[in-house]
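Notes for the one structure printed next.
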Amino acid sequence: MKKIISLAPGRTCLFGDHQDYLGLPVIACAINRNIQLTAVQNVTSVFRLNMEDIDEVRIIDINATFAELEPRDYFASSLRVLRRQGCIPTVGYDITVKGDIPINSGTSSSSALLMAWINFLVTAFGVDCEVTPEFIAQMGYASEVLEHGEPGGMMDHFSIGVGNIVHINTSVPFSYNIIGTELKGLITGVSGVPKETIGVLGETKGNALLAIDIVKQNFKDFDLHKTELEDIDKYRNYLPDRLIPFFEAAIKNYHYTKEALKEFAKPTLDLVKIGELMNMHHAVLRDLLKISVPRIEDMINAALRAGAYGAKIVGSGGGGSIVVIADPNKEAAVVAAILAAGAKEAYAVTVDPGARII
(Lines give C-alpha, C1' and ligand atoms only; values in the text may rest on other atoms or scores of the structure.)
Protein backbone atom coordinates (compact mmCIF):
# COMPACT_ATOMS: atom_id res chain seq x y z
CA MET A 1 0.00 0.00 0.00
CA LYS A 2 1.25 3.45 -0.89
CA LYS A 3 2.83 5.35 2.03
CA ILE A 4 3.52 9.10 2.23
CA ILE A 5 5.29 10.89 5.07
CA SER A 6 4.77 14.65 5.10
CA LEU A 7 6.66 16.87 7.52
CA ALA A 8 6.17 20.56 8.26
CA PRO A 9 8.11 22.66 10.78
CA GLY A 10 6.95 25.27 13.21
CA ARG A 11 8.09 28.84 12.77
CA THR A 12 9.18 31.81 14.79
CA CYS A 13 8.82 35.46 13.86
CA LEU A 14 12.08 37.36 14.26
CA PHE A 15 10.77 40.77 13.13
CA GLY A 16 7.44 42.05 11.89
CA ASP A 17 4.75 40.76 14.27
CA HIS A 18 1.43 42.45 13.51
CA GLN A 19 2.87 43.76 10.25
CA ASP A 20 1.90 41.38 7.47
CA TYR A 21 -1.79 42.27 7.51
CA LEU A 22 -0.72 45.90 6.91
CA GLY A 23 1.25 44.98 3.81
CA LEU A 24 4.53 45.51 5.67
CA PRO A 25 7.50 43.11 5.57
CA VAL A 26 8.23 40.26 7.93
CA ILE A 27 11.40 38.35 8.79
CA ALA A 28 10.63 34.84 10.04
CA CYS A 29 12.20 31.42 10.05
CA ALA A 30 11.17 27.79 10.20
CA ILE A 31 12.47 25.98 13.28
CA ASN A 32 13.27 22.31 13.86
CA ARG A 33 10.11 21.41 15.75
CA ASN A 34 7.63 19.76 13.45
CA ILE A 35 4.35 18.05 12.67
CA GLN A 36 4.69 14.69 10.91
CA LEU A 37 1.81 13.20 8.96
CA THR A 38 2.20 9.53 8.01
CA ALA A 39 -0.39 8.37 5.47
CA VAL A 40 -0.95 4.79 4.33
CA GLN A 41 -3.39 4.14 1.49
CA ASN A 42 -6.45 2.11 2.41
CA VAL A 43 -9.26 0.48 0.43
CA THR A 44 -11.99 2.84 1.62
CA SER A 45 -13.22 6.22 0.46
CA VAL A 46 -12.33 8.08 3.65
CA PHE A 47 -9.37 9.80 5.23
CA ARG A 48 -9.03 8.53 8.78
CA LEU A 49 -6.93 11.03 10.71
CA ASN A 50 -5.59 9.85 14.05
CA MET A 51 -4.22 12.91 15.86
CA GLU A 52 -2.28 11.20 18.60
CA ASP A 53 -1.12 14.30 20.49
CA ILE A 54 -4.65 15.48 21.19
CA ASP A 55 -6.25 12.01 21.29
CA GLU A 56 -8.71 12.81 18.53
CA VAL A 57 -9.83 10.99 15.38
CA ARG A 58 -11.33 12.71 12.34
CA ILE A 59 -13.06 10.90 9.48
CA ILE A 60 -13.37 12.76 6.17
CA ASP A 61 -15.19 11.44 3.10
CA ILE A 62 -12.85 11.88 0.12
CA ASN A 63 -15.80 13.06 -1.99
CA ALA A 64 -16.89 15.79 0.44
CA THR A 65 -16.97 19.24 -1.19
CA PHE A 66 -17.64 21.29 1.96
CA ALA A 67 -20.08 23.83 0.58
CA GLU A 68 -20.11 25.32 4.07
CA LEU A 69 -17.13 25.48 6.43
CA GLU A 70 -17.01 25.16 10.17
CA PRO A 71 -14.83 27.83 11.83
CA ARG A 72 -11.12 27.00 11.62
CA ASP A 73 -11.71 23.66 9.88
CA TYR A 74 -8.56 23.80 7.79
CA PHE A 75 -8.75 20.15 6.73
CA ALA A 76 -11.98 21.00 4.93
CA SER A 77 -10.99 24.39 3.55
CA SER A 78 -7.75 23.04 2.08
CA LEU A 79 -9.63 20.23 0.34
CA ARG A 80 -11.94 22.86 -1.13
CA VAL A 81 -9.03 25.07 -2.24
CA LEU A 82 -7.04 22.20 -3.74
CA ARG A 83 -10.01 20.90 -5.73
CA ARG A 84 -9.88 24.19 -7.66
CA GLN A 85 -6.28 23.31 -8.54
CA GLY A 86 -7.20 19.88 -9.87
CA CYS A 87 -6.36 17.92 -6.73
CA ILE A 88 -9.20 15.37 -6.60
CA PRO A 89 -8.96 12.60 -3.97
CA THR A 90 -9.66 9.17 -5.44
CA VAL A 91 -8.80 6.82 -2.58
CA GLY A 92 -8.72 6.91 1.19
CA TYR A 93 -5.75 6.93 3.57
CA ASP A 94 -5.16 6.02 7.18
CA ILE A 95 -3.22 8.97 8.56
CA THR A 96 -1.31 9.33 11.80
CA VAL A 97 -0.47 12.84 12.97
CA LYS A 98 2.07 13.58 15.67
CA GLY A 99 4.52 16.33 16.45
CA ASP A 100 6.60 18.25 18.96
CA ILE A 101 5.41 21.80 18.30
CA PRO A 102 3.70 23.11 21.45
CA ILE A 103 -0.01 23.67 20.78
CA ASN A 104 -1.39 27.22 20.98
CA SER A 105 2.05 28.58 21.76
CA GLY A 106 2.67 31.07 18.97
CA THR A 107 4.97 28.77 16.97
CA SER A 108 2.30 27.80 14.42
CA SER A 109 1.39 24.23 15.24
CA SER A 110 -1.94 24.63 13.43
CA SER A 111 -0.36 26.08 10.29
CA ALA A 112 2.30 23.36 10.33
CA LEU A 113 -0.43 20.71 10.46
CA LEU A 114 -2.23 22.42 7.59
CA MET A 115 0.93 22.60 5.48
CA ALA A 116 1.77 18.94 6.13
CA TRP A 117 -1.80 18.01 5.14
CA ILE A 118 -1.66 20.08 1.94
CA ASN A 119 1.70 18.61 0.95
CA PHE A 120 0.29 15.11 1.48
CA LEU A 121 -2.79 15.80 -0.65
CA VAL A 122 -0.75 17.29 -3.48
CA THR A 123 1.71 14.39 -3.39
CA ALA A 124 -1.06 11.78 -3.29
CA PHE A 125 -3.39 13.21 -5.93
CA GLY A 126 -1.48 15.85 -7.89
CA VAL A 127 -2.49 19.30 -9.14
CA ASP A 128 -2.79 21.02 -12.51
CA CYS A 129 0.32 23.17 -12.06
CA GLU A 130 3.95 22.97 -11.00
CA VAL A 131 4.41 22.15 -7.33
CA THR A 132 6.92 24.45 -5.64
CA PRO A 133 7.44 25.54 -2.02
CA GLU A 134 5.80 28.82 -3.01
CA PHE A 135 2.74 27.00 -4.35
CA ILE A 136 2.37 25.01 -1.12
CA ALA A 137 2.65 28.28 0.84
CA GLN A 138 0.01 29.92 -1.35
CA MET A 139 -2.38 27.03 -0.80
CA GLY A 140 -1.84 27.27 2.96
CA TYR A 141 -2.56 30.99 2.99
CA ALA A 142 -5.68 30.55 0.86
CA SER A 143 -6.95 27.68 3.01
CA GLU A 144 -6.42 29.31 6.40
CA VAL A 145 -6.89 33.02 5.83
CA LEU A 146 -8.87 33.61 2.64
CA GLU A 147 -11.37 30.74 2.87
CA HIS A 148 -12.20 31.49 6.50
CA GLY A 149 -11.92 35.27 6.34
CA GLU A 150 -9.47 35.26 9.24
CA PRO A 151 -7.41 38.35 10.17
CA GLY A 152 -3.94 36.82 9.85
CA GLY A 153 -1.39 37.22 7.11
CA MET A 154 0.89 35.01 5.05
CA MET A 155 3.91 34.83 7.38
CA ASP A 156 3.14 31.38 8.78
CA HIS A 157 2.58 29.70 5.45
CA PHE A 158 5.63 31.15 3.71
CA SER A 159 8.05 30.65 6.58
CA ILE A 160 6.88 27.02 6.93
CA GLY A 161 6.46 26.29 3.22
CA VAL A 162 9.68 27.91 2.01
CA GLY A 163 11.72 27.25 5.13
CA ASN A 164 15.02 28.83 6.16
CA ILE A 165 15.08 32.51 7.17
CA VAL A 166 12.75 34.45 4.88
CA HIS A 167 12.00 38.09 4.23
CA ILE A 168 8.38 38.29 3.10
CA ASN A 169 7.27 41.40 1.25
CA THR A 170 3.57 41.26 1.99
CA SER A 171 2.71 44.35 -0.05
CA VAL A 172 3.43 42.28 -3.18
CA PRO A 173 1.41 39.09 -2.69
CA PHE A 174 3.64 36.06 -2.24
CA SER A 175 6.90 37.96 -2.79
CA TYR A 176 9.73 36.65 -0.65
CA ASN A 177 13.43 35.91 -0.58
CA ILE A 178 15.54 33.58 1.54
CA ILE A 179 18.02 35.67 3.53
CA GLY A 180 19.73 32.95 5.54
CA THR A 181 19.90 29.27 6.33
CA GLU A 182 21.46 29.39 9.78
CA LEU A 183 21.09 31.49 12.94
CA LYS A 184 23.18 30.51 15.92
CA GLY A 185 22.02 31.17 19.47
CA LEU A 186 18.32 30.84 18.62
CA ILE A 187 16.09 29.80 21.54
CA THR A 188 12.34 29.32 21.97
CA GLY A 189 10.59 29.71 25.32
CA VAL A 190 7.00 28.54 25.74
CA SER A 191 5.03 30.37 28.43
CA GLY A 192 2.20 27.87 28.88
CA VAL A 193 -0.22 30.82 28.73
CA PRO A 194 -2.53 30.16 25.76
CA LYS A 195 -2.35 32.87 23.13
CA GLU A 196 -5.49 34.58 21.82
CA THR A 197 -4.95 34.63 18.08
CA ILE A 198 -8.28 35.63 16.58
CA GLY A 199 -9.33 38.21 19.17
CA VAL A 200 -5.96 39.93 19.52
CA LEU A 201 -5.28 39.94 15.78
CA GLY A 202 -8.74 41.22 14.96
CA GLU A 203 -8.51 44.14 17.39
CA THR A 204 -4.98 45.24 16.52
CA LYS A 205 -5.56 44.87 12.79
CA GLY A 206 -8.81 46.81 12.90
CA ASN A 207 -7.35 49.68 14.92
CA ALA A 208 -4.20 49.90 12.82
CA LEU A 209 -6.14 49.96 9.55
CA LEU A 210 -8.54 52.57 10.92
CA ALA A 211 -5.65 54.79 12.01
CA ILE A 212 -3.99 54.52 8.61
CA ASP A 213 -7.27 55.29 6.85
CA ILE A 214 -7.76 58.46 8.92
CA VAL A 215 -4.24 59.62 8.09
CA LYS A 216 -4.87 58.97 4.40
CA GLN A 217 -8.03 61.07 4.54
CA ASN A 218 -5.97 64.01 5.75
CA PHE A 219 -2.84 63.37 3.68
CA LYS A 220 -3.74 62.16 0.20
CA ASP A 221 -0.12 61.30 -0.65
CA PHE A 222 0.48 59.29 2.54
CA ASP A 223 2.40 56.06 1.89
CA LEU A 224 2.97 53.75 4.83
CA HIS A 225 5.99 52.20 3.09
CA LYS A 226 7.74 55.57 2.85
CA THR A 227 7.02 56.74 6.39
CA GLU A 228 9.95 57.08 8.80
CA LEU A 229 10.17 57.39 12.59
CA GLU A 230 10.48 61.17 12.45
CA ASP A 231 7.15 61.40 10.59
CA ILE A 232 5.10 60.03 13.51
CA ASP A 233 4.61 63.44 15.15
CA LYS A 234 3.44 64.88 11.83
CA TYR A 235 0.44 62.58 11.80
CA ARG A 236 -0.43 61.89 15.43
CA ASN A 237 -2.51 65.05 15.92
CA TYR A 238 -4.96 63.88 13.29
CA LEU A 239 -5.73 60.68 15.18
CA PRO A 240 -7.93 60.05 18.22
CA ASP A 241 -5.84 59.19 21.25
CA ARG A 242 -6.88 55.55 21.31
CA LEU A 243 -5.56 54.95 17.78
CA ILE A 244 -2.18 56.68 18.12
CA PRO A 245 -0.41 53.65 19.67
CA PHE A 246 -1.47 51.39 16.80
CA PHE A 247 -0.22 53.84 14.18
CA GLU A 248 3.02 54.47 16.05
CA ALA A 249 3.57 50.73 16.47
CA ALA A 250 3.23 50.12 12.73
CA ILE A 251 5.83 52.75 11.88
CA LYS A 252 8.30 51.67 14.56
CA ASN A 253 8.03 47.95 13.89
CA TYR A 254 8.47 48.60 10.17
CA HIS A 255 11.62 50.59 10.95
CA TYR A 256 13.13 47.83 13.12
CA THR A 257 12.35 45.22 10.49
CA LYS A 258 14.10 47.27 7.80
CA GLU A 259 17.12 47.72 10.04
CA ALA A 260 17.21 43.99 10.77
CA LEU A 261 17.07 43.22 7.06
CA LYS A 262 20.25 45.27 6.60
CA GLU A 263 21.94 43.12 9.25
CA PHE A 264 20.91 39.87 7.60
CA ALA A 265 22.38 41.15 4.32
CA LYS A 266 25.87 41.33 5.85
CA PRO A 267 28.36 38.47 5.28
CA THR A 268 28.70 37.86 9.03
CA LEU A 269 25.72 38.24 11.33
CA ASP A 270 26.12 40.62 14.27
CA LEU A 271 24.03 38.79 16.86
CA VAL A 272 24.40 41.64 19.34
CA LYS A 273 22.91 44.15 16.88
CA ILE A 274 20.11 41.78 15.89
CA GLY A 275 19.37 41.25 19.59
CA GLU A 276 19.21 45.01 20.22
CA LEU A 277 16.71 45.44 17.39
CA MET A 278 14.70 42.53 18.75
CA ASN A 279 14.52 44.23 22.16
CA MET A 280 13.27 47.46 20.58
CA HIS A 281 10.70 45.51 18.58
CA HIS A 282 9.44 43.83 21.74
CA ALA A 283 9.14 47.18 23.54
CA VAL A 284 6.68 48.29 20.86
CA LEU A 285 4.67 45.08 21.10
CA ARG A 286 4.60 45.37 24.90
CA ASP A 287 4.07 49.09 25.41
CA LEU A 288 2.06 50.17 22.38
CA LEU A 289 0.14 47.10 21.23
CA LYS A 290 0.06 45.69 24.79
CA ILE A 291 0.08 42.08 23.63
CA SER A 292 2.47 40.78 26.28
CA VAL A 293 1.60 39.19 29.64
CA PRO A 294 3.49 38.99 32.97
CA ARG A 295 4.91 35.49 32.45
CA ILE A 296 6.25 36.45 29.05
CA GLU A 297 7.94 39.49 30.62
CA ASP A 298 9.44 37.34 33.38
CA MET A 299 10.86 34.96 30.78
CA ILE A 300 12.31 37.74 28.66
CA ASN A 301 13.89 39.53 31.61
CA ALA A 302 15.40 36.26 32.86
CA ALA A 303 16.84 35.51 29.43
CA LEU A 304 18.45 38.95 29.19
CA ARG A 305 19.91 38.69 32.68
CA ALA A 306 21.39 35.31 31.76
CA GLY A 307 23.25 36.77 28.82
CA ALA A 308 20.82 36.83 25.91
CA TYR A 309 21.35 39.61 23.38
CA GLY A 310 17.66 40.06 22.66
CA ALA A 311 14.21 38.57 23.17
CA LYS A 312 10.64 39.25 22.11
CA ILE A 313 7.16 37.83 22.21
CA VAL A 314 6.18 35.85 19.11
CA GLY A 315 2.99 36.02 17.10
CA SER A 316 -0.40 37.44 17.93
CA GLY A 317 0.25 37.75 21.67
CA GLY A 318 -1.78 37.44 24.83
CA GLY A 319 0.48 34.53 25.77
CA GLY A 320 2.31 32.00 23.65
CA SER A 321 6.07 32.00 23.31
CA ILE A 322 9.21 34.09 23.04
CA VAL A 323 12.15 34.00 20.65
CA VAL A 324 15.61 34.71 22.00
CA ILE A 325 18.97 35.50 20.40
CA ALA A 326 21.86 34.55 22.67
CA ASP A 327 25.59 34.02 22.66
CA PRO A 328 25.80 30.43 21.31
CA ASN A 329 28.13 29.60 24.20
CA LYS A 330 25.49 30.67 26.74
CA GLU A 331 22.49 28.83 25.31
CA ALA A 332 22.26 26.35 28.19
CA ALA A 333 22.34 29.11 30.83
CA VAL A 334 19.71 31.14 29.02
CA VAL A 335 17.43 28.12 28.62
CA ALA A 336 17.77 27.35 32.33
CA ALA A 337 16.94 30.95 33.25
CA ILE A 338 13.81 30.96 31.09
CA LEU A 339 12.61 27.74 32.71
CA ALA A 340 13.32 29.12 36.19
CA ALA A 341 11.20 32.15 35.33
CA GLY A 342 8.13 29.95 34.88
CA ALA A 343 8.28 28.80 31.28
CA LYS A 344 6.54 25.56 30.46
CA GLU A 345 9.30 24.69 27.99
CA ALA A 346 12.49 26.25 26.68
CA TYR A 347 15.01 24.88 24.22
CA ALA A 348 17.57 25.83 21.61
CA VAL A 349 16.35 25.53 18.03
CA THR A 350 17.93 25.56 14.59
CA VAL A 351 16.68 26.89 11.27
CA ASP A 352 14.67 24.26 9.34
CA PRO A 353 14.61 23.82 5.53
CA GLY A 354 10.79 23.84 5.41
CA ALA A 355 7.81 21.64 4.61
CA ARG A 356 8.73 18.49 2.72
CA ILE A 357 7.92 14.89 1.87
CA ILE A 358 10.41 12.52 3.48
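Note that the numbering runs from 1 along the sequence shown for the chain.
- Contact of the F247 side chain with the I214 side chain is not registered, since no non-hydrogen atoms from C-beta on lie closer than 4.5 Å.
- For F47 and F75, the ring centers sit 6.0 Å or farther from each other.
- By the 6.0 Å and 45° rule, K252 does not stack over the aromatic ring of Y256.
- Looking at R58 and D73, a side-chain N of the basic residue comes within less than 4.0 Å of a carboxylate O on the acidic one, giving a salt bridge.
- Using a distance-only test at 3.5 Å, with no hydrogens or angles considered, a donor-acceptor pair links the side chain of D20 to the main chain of M154.
- Looking only at atom types and distance, the side chain of E144 has a donor-acceptor partner in the side chain of S111 under 3.5 Å away.
- Atom CG of N63 has more than 12 neighbouring heavy atoms from other residues, nucleotides or ligands inside a 6.0 Å radius.
- Ion pairing of R72 with E150 is present here, as a side-chain N (NZ or NE/NH1/NH2) and a carboxylate O approach within less than 4.0 Å.
- Checked by atom type and distance alone, the side chain of D231 pairs as donor or acceptor with a backbone atom of E228 at under 3.5 Å.
- Atom CD of E68 sits in a sparse spot, with 12 or fewer heavy atoms from other residues, nucleotides or ligands closer than 6.0 Å.
- Distance alone, capped at 3.5 Å, is enough to place a donor-acceptor pair between the R356 side chain and the G354 backbone.
- Nearest heavy atoms, I313 versus H282: N-ND1, 3.2 Å.
- Note: Y21 and H18 have perpendicular aromatic rings, judged against thresholds of 30 and 60 degrees for the angle between ring planes.
- Here the CZ atom belonging to F264 is positioned 11.0 Å from the CG atom belonging to D270, to the nearest 0.5 angstrom.
- Between R33 and E345 the shortest side-chain heavy-atom distance falls below 4.5 Å.
- Residues R236 and D233 are paired through a salt bridge, judged by an N-O separation under 4.0 Å between the basic side chain and the carboxylate.
- Ion pairing of E203 with K290 is absent here, as no side-chain N (NZ or NE/NH1/NH2) approaches a carboxylate O to less than 4.0 Å.
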